Amino acid sequence: MPELPEVETVRLGLAKSIVGQVFKVPRLLHPRGLNPKSEVPVAALAGAQISSVHRRGKFLWIQTNEQLALVAHLGMSGQFRISQPEAHIHKHLRVLFPLSDFHLGFIDQRTFGWVSVGQAHGGQVPDLVSHIALDPFDPNFAPKEVVKRIRASNREIKKILLDQAIISGIGNIYADESLWLAQINPQTIASALSPKKVERLLSLATQVMASALAVGGTSFDELYVNVNGESGYFERSLNVYGREGQPCPRCSGPISRIAFANRSTHYCFSCQK
DNA sequence: CTGTGGTCCTGTATGC
DNA sequence: TGCATACAGGACCACA
C-alpha cells in the first residue's frame with residue numbers, strides 16, 4: 001500500500017527519468033484508470049513536455065510546460081513503470097503514456113488508483129490536490145499548527161493521523177508504526193494528549209517515514225514497486241504492522257490486531273497506553 | 001463538525 | 001480438489 005515513502009520513491013524515480021520527455025498520444029486501456037473528475041481526456045497531453053514531478057501526501061503530479069498536469073493517486077496498488085515500447089503489455093496496464101524515448105505505464109491491479117489531466121500552472125497545486133493538507137516533508141509544514149489542530153479534536157488519534165486534510169501522507173502502516181514508537185494507544189482521544197506528546201508523535205512519524213524512504217519504502221508483495229519494478233526493504237523494519245501475535249520488540253508483550261477505523265490496527269496492549 | 005457505512009476492485013488466503 | 005467467503009484498504013460520498 002503506497003503511503004508517503006512509497007509515493008516519494010516513485011516521484012524520485014519519475015523525476016530522474018521522465019523530465020524533459022514529451023508526451024505522445026496516451027492510451028486509456030481501462031475506464032477506471034481515469035478519474036471521472038478529469039477535466040480533459042488523456043490525449044490532451046500529446047505534445048506537452050514534462051518539466052517537473054511533484055508530490056503532496058500520497059498525491060503525485062507531473063507538470064508540463066503546456067499548463068497541463070497529469071495528476072495521479074496510486075490507491076492500493078497503482079504503479080508507474082518505465083518500459084521499452086517493444087516490451088509485453090502488463091496484465092493490469094490501465095493507461096499507457098508513450099514518451100519521446102520510452103513508455104510510461106500506469107498499472108493498477110485493484111483499480112483504486114487513477115490518473116487525471118487538468119489545467120495547472122507551474123508552481124501551483126492542481127485542483128484535485130488542493131484540499132490535501134501539507135505533509136511533514138513539505139518545507140512549509142508547520143508542526144505547531146498541526147499539533148494545535150490535532151489537539152482541538154475529540155476524535156481518536158489514529159483516525160486523525162489518517163485524515164489527509166489534517167496531515168497528509170500517513171496511511172495505515174505508518175500510523176500504526178508511529179503510534180507504537182510514541183507509545184500511544186491508537187484509540188486515545190486526541191484532546192487528551194499533551195502538546196509535547198503530539199509533537200513527539202509527529203516527529204516520530206516523520207522519522208519512520210524518512211527511514212522507510214531511505215530503503216525504498218515497504219513492499220509486502222508485487223503491488224508496490226518503484227518505476228523500475230524494484231521492491232523496497234522497510235518491511236523487515238516494521239515493529240507492529242502485520243505482526244499480530246508476535247512479541248513486541250520493546251516489551252515482549254503480544255502484538256494485538258483490532259478492527260478500528262475501518263481497517264486493521266496493530267498495537268501493543270502492554271506498552272501503548 | 002462528527003461518525004457510520006457503503007462503494008469502488010481483484011488476487012490471495014482461509015474455511016468447509 | 002473445489003467452491004464460497006473473508007480480507008486487504010485510500011478516498012470519497014450520502015446520510016444521520
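In the text below, chain A, chain B and the rest are named by the order of the sequence lines, each starting its count at 1. Because the structure is predicted, anything quoted here is derived from the model rather than measured.
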How many Å lie between [atom1] on [X] and [atom2] on [N], as a whole number?
X       : N       : atom1 : atom2 : result
H30(A)  : dC9(B)  : NE2   : C1'   : 9 Å
L223(A) : dA13(B) : CG    : P     : 11 Å
I173(A) : dG10(C) : CD1   : P     : 8 Å
N35(A)  : dC9(B)  : CG    : C1'   : 16 Å
R263(A) : dC7(C)  : CZ    : P     : 15 Å
H73(A)  : dC9(B)  : NE2   : P     : 17 Å
D108(A) : dG11(B) : CG    : P     : 11 Å
Q109(A) : dG10(C) : CD    : C1'   : 15 Å

Contact under 4.0 Å: [X] side-chain N or O vs [N] OP1/OP2:
X       : N       : result
R257(A) : dA8(C)  : yes
K58(A)  : dA11(C) : yes
K37(A)  : dC13(C) : yes

Atom pairs and distances, donor-acceptor, side-chain atoms in residues 73-82 of chain A, under 3.5 Å, two or more places apart:
unit_1, atom_1, unit_2, atom_2, d
H73(A), ND1, G75(A), N, 2.8
S77(A), OG, D108(A), OD1, 2.5
S77(A), OG, R110(A), N, 2.9
Q79(A), OE1, R81(A), NH1, 2.8
Q79(A), NE2, E222(A), O, 2.8
Q79(A), NE2, L223(A), O, 3.2

Tell me, do [X] and [Y] make a side-chain contact under 4.5 Å, heavy atoms counted?
X       : Y       : result
V146(A) : F141(A) : yes
R94(A)  : L29(A)  : no
Q119(A) : E39(A)  : yes
N185(A) : I157(A) : no

What does the list of N/O pairs under 3.5 Å between the protein and nucleotides 3-6 of chain B look like, with a distance for each?
unit_1, atom_1, unit_2, atom_2, d
dG3(B), OP2, R155(A), NE, 2.7
dT4(B), OP2, K159(A), NZ, 3.3

Tell me what [X] touches on the nucleic acid: a base, only sugar-phosphate, or nothing, going by heavy atoms under 4.0 Å.
X       : result
E3(A)   : nothing
S264(A) : sugar-phosphate
Y241(A) : sugar-phosphate

Taking for H131(A) and for N172(A) the nucleotide of DNA chain C with the nearest heavy atom, the one nearer the 5' end belongs to N172(A)
Sequence neighbours excluded, which residues qualify as side-chain contact (heavy atoms from CB on, under 4.5 Å) partners of P5(A)?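 Scan of P5(A) (side-chain contact (heavy atoms from CB on, under 4.5 Å), adjacent residues dropped) gives E3(A), Y174(A), M209(A), A212(A), L213(A).
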Partner residues of F137(A) under the ring-ring contact (aromatic ring centres under 6.0 Å, His included) criterion, sequence neighbours left out: none
So that I know where these two stand, are F220(A) and F234(A) an aromatic pair - ring centroids less than 6.0 Å apart? no
On a plain distance test, is the side chain of R110(A) in donor-acceptor contact with the base of dA8(C) below 3.5 Å? yes
Is the ring centre of F112(A) under 5.5 Å from the base ring centre of dG10(C), and are the two planes under 30° apart, so that they stack? yes
How does DNA chain B read in dot-bracket, base by base from 5' to 3', with Watson-Crick or G-U pairs under 3.5 Å and | used when the partner is on another strand? .|||||||||||||||
Answer yes or no: is there a donor N or O on one side and an acceptor on the other, between the side chain of E156(A) and the main chain of A190(A), under 3.5 Å?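 Side chain of E156(A) to backbone of A190(A), a donor-acceptor pair under 3.5 Å: no, none is there.
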Considering only distance and modelled atom types, tabulate donor-acceptor pairs under 3.5 Å from the side chains of residues 120-129 of chain A, sequence neighbours left out.
unit_1, atom_1, unit_2, atom_2, d
H121(A), ND1, Q67(A), OE1, 3.2
H121(A), ND1, Q67(A), NE2, 3.3

